[in-house]
Number of protein chains: 2
Amino acid sequence: MLSKKTKYGIKALTFLARREDQTPVQIAEIAKSENISIKFLESILLLLRHSGFLGAKKGKGGGYYLIKDPKEINMAKVYRILEGPIALLPCASHNFYEPCDDCTDEATCAVRKLMMEVRDNTLRILENNSLADIAF
Amino acid sequence: MLSKKTKYGIKALTFLARREDQTPVQIAEIAKSENISIKFLESILLLLRHSGFLGAKKGKGGGYYLIKDPKEINMAKVYRILEGPIALLPCASHNFYEPCDDCTDEATCAVRKLMMEVRDNTLRILENNSLADIAF
DNA sequence: CTTTAATCTAGTAAACCGATAGGGTAATAG
DNA sequence: CTATTACCCTATCGGTTTACTAGATTAAAG
């Protein structure tokens, strides 16, 4: 199940992508529009800024804004930043690989085999979708 | 991420499917072979029995055994029993549908749109895989 | 009938994680 | 200088997962 963090993060990105101009938007405005707790959204937007998706401006007239063109924002990258690994098991992950401590032989592990197939397909979908694809 | 419950459950099913005869196997034997806590595994096997995948025999010479042919065991069903919904969001689920309380319009929700696509593909993979497919 | 071996059941504790709130700091515009 | 807004750190509450403990129940074997 997707965490609320990821859900809210994508919603906020979508909200920004759908705006006509790219002037800064206050956290409170996004929070109100999307029914998200301001404080929680604050931490999410901060993370998205540190990850290079958003820019921020402090003080009067400040707020958050998209740095890149929505067409250039890859949903697989967004997912990894917000949610973490795309794979359902650490041993089936590319970017977050870790061996299972209970497995004796990874090569014959049926769970891993199945979950690798699921991961490959999920990854393909996320990589083929940009923010622009899902926002419009 | 997959819970250990699901991981252990599938591992146990695989272990049983790979056996040549279908005589009962004690919990302890499965637990030892797959490095799983006996008591935790016990609760998982019980669940799988109540769901119609396993049979159990009490007393001396007892244990658990597969009821159906591994070819007839659909991994989507197994997944739903052990892990729950296949969809990453309740609003994108067939069997466990629930509307989001923060969403004003489901039709224009970009997160839902993306997660429905992911779900469709994950579901297709799980349904196309039987226990026999992943065990051998 | 008695013993033994196994499943079944209930309760609970520890650990972890998600979500949120509070409060103070820093930068910016007017 | 003052108001506004993002930034950052800490703590808490609640739920879920994982795991363990202790006993009850059932069935086979001798």
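Numbers restart at 1 for each chain; the letters A, B, ... are given by sequence-line order, proteins then strands. Here the structure is a predicted model, which is why all the values come from computation and not from measurement.
- To the nearest angstrom, C1' of dT26(D) lies 13 Å from OH of Tyr64(B).
- In this structure, Ile27(B) places its CD1 atom 15 Å from C1' of dA19(D), rounding to the nearest Å.
- At a threshold of 4.0 Å, the pair Asp102(A)-Lys11(B) counts as salt-bridged, since one of the basic side-chain nitrogens sits closer than that to a carboxylate oxygen.
- Rounded to whole Å, the distance from NZ on Lys58(B) to P on dT25(D) is 10 Å.
- For the 3.5 Å distance criterion, the side chains of Arg19(A) and Thr23(A) qualify, holding a donor opposite an acceptor.
- As a whole-Å value, the separation of Lys57(B) NZ from dT25(D) C1' is 17 Å.
- Spacing between atom NZ of Lys60(A) and atom C1' of dA26(C) amounts to 17 Å, rounded to whole angstrom units.
- Listed by residue number, the members of residues 32-49 of chain B with any heavy atom below 4.0 angstrom from DNA chain C are Lys39(B), Glu42(B), Leu46(B), Arg49(B).
- Neither OP1 nor OP2 of dA6(D) sits under 4.0 Å from any side-chain N or O of His50(A).
- Place Lys4(A) and Ala56(B) on DNA chain C by their nearest nucleotides, and Ala56(B) ends up nearer the 5' end.
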All N/O donor-acceptor pairs, side-chain side in residues 127-136 of chain A, below 3.5 Å, sequence neighbours left out:
from, atom 1, to, atom 2, distance (Å)
Asn128(A), ND2, Arg124(A), O, 3.3
Asn129(A), ND2, Ile125(A), O, 3.0
Asn129(A), ND2, Glu117(B), OE1, 3.4
Ser130(A), OG, Ala132(A), N, 3.3
Ser130(A), OG, Asp133(A), N, 3.2
Ser130(A), OG, Asp133(A), OD2, 3.2
Asp133(A), OD2, Ser130(A), N, 2.9

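- The ring pair (Phe, Tyr, Trp, His ring centres under 6.0 Å) search around Tyr8(A) returns Phe40(A), not counting sequence neighbours.
- With respect to the salt-bridge test (charged N to carboxylate O, under 4.0 angstrom), the residues Glu83(A) and Lys5(A) do not qualify.
- Glu83(A) places its CD atom 13 Å from the P atom of dC17(C), with the value rounded to the nearest Å.
- For dT16(D), neither phosphate oxygen OP1 nor OP2 lies less than 4.0 angstrom from any side-chain nitrogen or oxygen of Lys5(B).
- Residues Leu41(B) and Ala12(B) approach most closely at CD1-CB, 4.1 Å, considering heavy atoms.
- For the pair Tyr8(A) OH and dG18(C) C1', the computed distance is 11 Å after rounding to whole Å.
- Here the P atom of nucleotide dT16(D) and the CE atom of Met1(A) are 13 Å apart, to the nearest Å.
- Comment: Glu29(A) does not engage Lys32(A) in a salt bridge, judged by the lack of any side-chain N to carboxylate O separation of less than 4.0 angstrom.
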